[in-house]
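To start, the structure itself, in structure tokens.
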Amino acid sequence: MPLTIAARFNGPDDSAHGGYACGLLAGGSTGDVAVTLHAPPRLGRPLRTEHTGRRTHLWDGPGLVATAAPTRHRVAVLDPVDPVLARAAEPGFRGRERHPFPRCFACGTGRADGLRLAPGAVEGRPDVVACTWTPQESMLAGDGRVRAEVVWAALDCPSGWTTDMTTTPMVLGWMRAKIRERPAAGRACVVVARLDDAGEHGITATSALHDDAGVLLAAATTRWYPPRG
């Protein structure tokens, strides 16, 4: 079956949101899944999926776009951030004034129909950012819970904002995630992310989604790189 990513679910203006695309390819798995993005997934174009053993590949014509596979490596778990502290961090979101991708589905400041995540630095927790997120009904699957690919998207962008993307823009290159429970619409959640490693070639970060009582819903490890070209 071809996979087509609607134009609404962009990261940069001309390609799909990395976390959203990874979540689609992971197919709603409840286990730990790792996805590598080999090229920016194009929007509004049928992309071919191919299953080879434990791996799923995504192709755009002859070009390999992404590869997903189950992994035995477990995602680290971050301590939750109190919703009050997360809201207090939001005014410090670096993307408010100079956002490299202002129409990003997850964290874009120019989107009324996106997730509108605004992760800012958490007081007393170095290299940690957090924000609140209340899922909308338009994000739900048929079972009344947020679609898995939207959860992946919510785990994605806060990881990138553990560094200053206004001066050094980066895009997702690799993501490993596990969803324990998909949230319901209308109930506030908290997304938290921590910078684990940074170098001239990119960063590694860990993120987590908790409900407003601090119960872990999902977690991810991400690797980010400067855009090609």
Side-chain angles (χ1 to χ4, degrees), residues 1-11 15-37 41 43 46-47 49-51 54-58 65-78 104-107 111 113-117 119 131-160 172-193 205-212 215-223:
M1 289 289 292
L3 186 156
T4 301
I5 302 174
R8 173 190 179 190
F9 302 110
N10 65 291
S15 62
H17 185 275
Y20 185 88
C22 288
L24 280 178
L25 195 58
S29 173
T30 57
D32 293 75
V33 179
V35 183
T36 300
L37 293 170
L43 297 162
L47 305 174
T49 56
E50 178 183 83
H51 302 281
R54 297 169 68 246
R55 297 180 181 272
T56 301
H57 303 285
L58 187 66
V65 175
T67 301
T71 176
R72 295 180 180 177
H73 296 283
R74 298 293 179 250
V75 176
V77 176
L78 297 180
C104 172
F105 167 67
C107 67
R111 293 287 297 268
D113 64 339
L115 305 188
R116 299 188 65 81
L117 302 178
C131 64
T132 56
W133 172 46
T134 302
Q136 301 172 341
E137 290 190 6
S138 62
M139 310 296 177
L140 301 185
D143 63 357
R145 297 278 174 172
V146 175
R147 300 194 303 275
E149 59 269 25
V150 176
V151 175
W152 280 66
L155 291 168
D156 173 10
C157 286
S159 293
L172 183 69
W174 175 88
M175 186 170 185
R176 179 173 66 224
K178 178 181 176 62
I179 298 177
R180 297 190 177 191
E181 181 181 351
R182 291 179 290 122
R187 182 172 180 180
C189 303
V190 174
V191 191
V192 56
T206 300
S207 60
L209 177 68
H210 298 90
D211 68 14
D212 57 1
V215 176
L216 180 67
L217 302 178
T221 302
T222 58
R223 182 72 182 170

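One-based numbering along the sequence shown.
- Atom CE in Met139 sits 11.5 Å away from atom OG1 in Thr134 (nearest 0.5 Å).
- Residue Cys107 holds its SG atom at 11.0 Å from CZ of Arg116, rounded to the nearest 0.5 Å.
- The shortest distance between side-chain heavy atoms of Tyr20 and Asp156 does not fall below 4.5 Å.
- Smallest separation of non-hydrogen atoms from Arg182 and Ala148: CD-N, 3.8 Å.
- Salt-bridge formation is detected for the pair Asp32/Arg74: a Lys NZ or Arg NE/NH1/NH2 atom is positioned less than 4.0 Å from an Asp or Glu carboxylate oxygen.
- Contact between Leu117 and Thr132 at its shortest, heavy atoms only, is CD2-O, 4.3 Å.
- Between Ala16 and Leu43 the shortest heavy-atom distance is CA-CD2, 3.6 Å.
- Between the side chain of Arg176 and the main chain of Thr221, no donor-acceptor pair closer than 3.5 Å is present.
- In this structure, the separation between CD on Glu50 and CZ on Arg55 is 12.5 Å, given to the nearest 0.5 Å.
- Looking at Ile179 and Trp152, their side chains come closer than 4.5 Å, going by heavy atoms from C-beta outward.
- Counting heavy atoms from C-beta on, the side chains of Leu217 and Cys189 come closer than 4.5 Å.
- Distance CG/Leu78 to CG/Leu209: 11.5 Å, rounded to 0.5 Å.
- The closest side-chain heavy-atom distance from Arg111 to Asn10 is below 4.5 Å.
- Within the 4.5 Å cutoff, the side chain of Thr56 has no heavy atoms near those of the Thr67 side chain.
- Residues Pro119 and Val191 form no side-chain contact, since every pair of their non-hydrogen atoms from C-beta on lies 4.5 Å or further apart.
- Annotation for Gly19 and Met175: closest pair CA-SD, 4.0 Å, computed over non-hydrogen atoms.
- Contact record, Ala106 with Leu115: O-CB, 3.4 Å, taken as the closest heavy-atom pair.
- Residues Glu181 and Asp211 have side chains not in contact (no heavy-atom distance under 4.5 Å, counting atoms from C-beta outward).
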Output, in order, the C-alpha distance, side-chain angles, deciding distance and verdict of side chain to side chain contact (heavy atoms under 4.5 Å, CB included) for Leu140 and Val146. CA-CA 4 Å; Leu140 301 185; Val146 175; 4.0 Å; yes
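- Contact annotation: the side chain of Leu216 approaches that of His210 to within less than 4.5 Å [non-hydrogen atoms, C-beta and beyond].
- Between Arg8 and Phe105, the closest heavy-atom pair is O-CB, 3.9 Å.
- When the shell of 6.0 Å around CZ of Arg187 is examined, it contains more than 12 heavy atoms from other residues, nucleotides or ligands.
- We find the CZ-OG1 distance between Arg223 and Thr36 to be 12.0 Å, quoted to the nearest 0.5 Å.
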